[in-house]
Novice: 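A single structure is presented below for examination.
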Amino acid sequence: MLKYSFDLFLFSSCFIAGCALLMVVQTNQLLYLQYDVYGYLVFVFFSTLCSYNFHWYLSADATSENARVRWTLHHKKLHLVLTAIGAIVSAWYFFHFIEHWFWLGGAVLLTFLYSAPKLRFGPFAWLSRIAVGKTLFLAFVWMYVTTFLPIAIDNHHWHPDSFLFCTSRFLLIYAICIIFDYRDRDYDRKAGIRSMITYFNERGIDNLFGLSIAGFAVSTIGLYFYGFSALTIVLLLIPGAITTVLYPVAKKNFSDYLYYFVLDGLMMFSSLLTIFISNK
């Protein structure tokens with residue numbers, strides 16, 4: 001079992017924000033986007049830091065033996081501090097990109113709504129009863145911030161390959177999210193949080209995962225017909241193949257290392273490969 005400390009907590013927070021940064025860099029590289037990239041990277045890093053810590057702060061009452069949850073329960077103030085820092089810096093850069101307020105506002109709203117069902121009062125408590133697409137929602141938020149939003153800010157690259165790349169990334173993240181939701185399904189049921197994973201039986205979850213991976217593979221291979229090199233396609237497919245191999249393992253092994261570093265890291269693994277090995 002992973003023993004949490006301040007250093008490990010800070011690393012995990014920065015790790016997930018770093019994953020988002022690398023995914024944005026890959027989007028810019030493969031689609032040749034041109035805008036204030038560095039300003040947007042700062043916005044993504046701190047907004048991810050904010051939303052990540054806000055979500056964990058709200059998860060501190062989870063009835064789980066997970067070491068990460070137990071550590072969070074005793075360090076809620078630290079989550080609030082990092083949430084505040086992330087919110088202040090990301091708000092500053094929100095106004096830096098104010099001409100794109102509509103698309104940025106969508107990112108803020110979607111990110112908040114993912115964690116909102118954990119707020120146990122008023123209309124937010126009601127959200128937990130209707131959030132059947134929780135997993136879909138999280139995958140869409142990650143795709144939106146790291147892929148769709150950079151394209152929207154650039155606004156000159158709305159081509160078929162852009163939509164295929166968005167689809168490919170969404171389906172890979174969704175497959176990874178299914179594994180996380182499988183692990184958390186008992187807690188979600190007790191907390192009244194609904195999702196397809198809490199509704200489906202074992203076979204249904206396996207089929208949903210298989211369909212997601214198949215869709216990821218088809219949409220990724222489709223990029224070859226829009227100018228992506230064969231090498232780039234292979235590099236993009238690698239994390240999907242690893243996720244498929246790890247799926248039966250992750251259904252039995254709930255190690256924090258496997259979930260918070262390996263599976264989270266797979267979201268950006270192809271970014272590392274294409275950034276350092278290949279260009280489009």
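Just so you know, these numbers come straight off a predicted model, no measurement behind them.
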Novice: Which heavy atom in Ser270 sits nearest to a heavy atom in Pro239, and how many Å separate them?
Specialist: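 Result for this residue pair: CB-CG, 3.8 Å.
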Novice: Does Met267 reach the side chain of Asp264, with side-chain heavy atoms less than 4.5 Å apart?
Specialist: yes
Novice: State yes or no: do Ile98 and Phe43 share one hydrophobic cluster built from I, L, V, M, F, W and Y residues joined by side-chain heavy-atom distances below 4.5 Å, directly or via other members?
Specialist: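 Yes: a chain of side-chain contacts under 4.5 Å links Ile98 to Phe43.
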Novice: Going by heavy atoms in the side chains, are Ile213 and Phe209 under 4.5 Å from each other?
Specialist: yes
Novice: Got Glu202 and Lys251 here, is their nearest side-chain heavy-atom distance under 4.5 Å?
Specialist: yes
Novice: Kindly assign one of parallel, tilted or perpendicular to the pair Phe170 and Phe140, based on the angle between their ring planes and the thresholds 30° and 60°.
Specialist: perpendicular
Novice: Under a single-linkage definition using a 4.5 Å side-chain heavy-atom cutoff for Ile, Leu, Val, Met, Phe, Trp and Tyr, are Tyr224 and Val234 assigned to the same hydrophobic cluster?
Specialist: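 No: no chain of side-chain contacts under 4.5 Å links Tyr224 to Val234.
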Novice: In terms of hydrophobic clusters joined by side-chain contacts under 4.5 Å, are Leu171 and Leu211 together?
Specialist: no
Novice: Is there a side chain to side chain contact (heavy atoms under 4.5 Å, CB included) between Leu236 and Leu30? Walk through the geometry before answering.
Specialist: CA-CA 11 Å; Leu236 291 173; Leu30 296 183; 4.2 Å; yes
Novice: May I ask you to check whether Ser47 and Ser90 show a side-chain donor-acceptor distance below 3.5 Å?
Specialist: no
Novice: Could you pull out the closest heavy-atom pair between His157 and Tyr32, with the gap in Å?
Specialist: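 Heavy-atom minimum between the residues: NE2-O, 3.1 Å.
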Novice: Does atom OH (Tyr35) have a neighbourhood of more than 12 heavy atoms from anything else shown, all under 6.0 Å?
Specialist: yes
Novice: When hydrophobic residues are tied together by side-chain contacts of less than 4.5 Å, even through go-betweens, does Val218 share a cluster with Phe165?
Specialist: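 The answer is no; the residues belong to distinct hydrophobic clusters.
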Novice: Among Phe46, Tyr38, Tyr40, whose side-chain contact (heavy atoms from CB on, under 4.5 Å) with Val42 holds?
Specialist: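 Output: one option passes, namely Phe46.
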Novice: With a sphere of 6.0 Å drawn around CZ of Phe269, does it hold more than 12 non-hydrogen atoms of other residues, nucleotides or ligands?
Specialist: no
Novice: Roughly how far, to the nearest 0.5 Å, is CZ of Phe148 from CE of Met143?
Specialist: 7.5 Å
Novice: When rounded to the nearest 0.5 angstrom, what is the spacing between CG in Asp36 and CG in Leu41?
Specialist: 9.0 Å
Novice: How about Trp101 and Phe95: are their ring centres within less than 6.0 Å of each other?
Specialist: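 Aromatic pair excluded; centres sit 6.0 Å or further apart.
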Novice: How are the rings of Trp103 and Tyr144 set relative to one another: parallel (under 30°), tilted (30 to 60°) or perpendicular (over 60°)?
Specialist: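 Plane angle between 30° and 60°, so tilted.
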Novice: Which pair of non-hydrogen atoms, one from Thr83 and one from Cys50, has the smallest distance, and what is that distance?
Specialist: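 Closest heavy-atom pair between Thr83 and Cys50: O-SG, 3.4 Å.
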Novice: Please give me the minimum heavy-atom distance between Thr232 and Phe228, naming the atom from each residue.
Specialist: CG2-CD2, 3.8 Å
Novice: Tell me the closest heavy-atom pair linking Met268 and Cys19, and the distance in Å.
Specialist: CG-SG, 3.4 Å
Novice: Could you state the interatomic distance from CG (Asn28) to CG (Leu33), rounded to the nearest 0.5 Å?
Specialist: 5.0 Å
Novice: Any side-chain to backbone donor/acceptor pair from Arg169 onto Trp142? Under 3.5 Å, distance only.
Specialist: no
Novice: Donor-acceptor check, side chain of Thr244 to backbone of Gly240, threshold 3.5 angstrom: yes or no?
Specialist: yes
Novice: How far does CG of Leu31 sit from CG of Leu223, to the nearest 0.5 angstrom?
Specialist: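 The CG atom of Leu31 sits 8.5 Å away from the CG atom of Leu223.
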Novice: Below 4.5 Å, heavy atoms only, C-beta onward: do Leu82 and Tyr52 meet side chain to side chain?
Specialist: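 No. Closest side-chain heavy atoms not under 4.5 Å.
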Novice: Using 0.5 Å steps for rounding, measure from the OG1 atom of Thr48 to the CG atom of Leu21.
Specialist: 7.0 Å
Novice: Between Val245 and Ile205, is there shared hydrophobic-cluster membership here, with clusters defined by ILVMFWY side-chain heavy atoms closer than 4.5 Å?
Specialist: no
Novice: Got more than 12 heavy atoms from elsewhere within 6.0 Å of NE2, His156?
Specialist: no
Novice: List the atom of Leu172, the atom of Leu266, and the distance in Å for their closest heavy-atom pair.
Specialist: CD2-O, 4.2 Å
Novice: Checking Gln34 side chain against Asp154 main chain: does a donor-acceptor pair fall under 3.5 Å?
Specialist: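 Not at all, since once roles are kept as given, no pair shorter than 3.5 Å links the two residues.
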Novice: Does the pair Met23 and Ile173 meet the rule for a side chain to side chain contact (heavy atoms under 4.5 Å, CB included), with working shown?
Specialist: CA-CA 11 Å; Met23 293 163 75; Ile173 298 172; 3.7 Å; yes
Novice: In sequence, state the C-alpha distance, the side-chain angles, and the governing distance for Tyr259 and Ile179, and then conclude on side chain to side chain contact (heavy atoms under 4.5 Å, CB included).
Specialist: CA-CA 9 Å; Tyr259 277 80; Ile179 301 175; 3.6 Å; yes
Novice: Given side chain to side chain contact (heavy atoms under 4.5 Å, CB included), test Ile238 with Leu235 step by step and report yes or no.
Specialist: CA-CA 5 Å; Ile238 287 175; Leu235 297 177; 4.2 Å; yes
Novice: Check each of Phe94, Trp92, Tyr93 against His96 using the ring-ring contact (aromatic ring centres under 6.0 Å, His included) test, and report the only one that passes.
Specialist: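 Between His96 and the candidates, ring-ring contact (aromatic ring centres under 6.0 Å, His included) is satisfied uniquely by Tyr93.
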Novice: Verify, without hydrogens or angle tests, whether Ser212 (side chain) and Leu208 (backbone) share a donor-acceptor contact under 3.5 angstrom.
Specialist: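 No, because the side chain of Ser212 does not come within donor-acceptor range (under 3.5 Å) of the backbone of Leu208.
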Novice: Could you measure the distance from the CG atom of Leu22 to the OG1 atom of Thr274? Nearest 0.5 Å is fine.
Specialist: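 Rounded to the nearest 0.5 Å, the CG-OG1 separation comes out at 9.5 Å.
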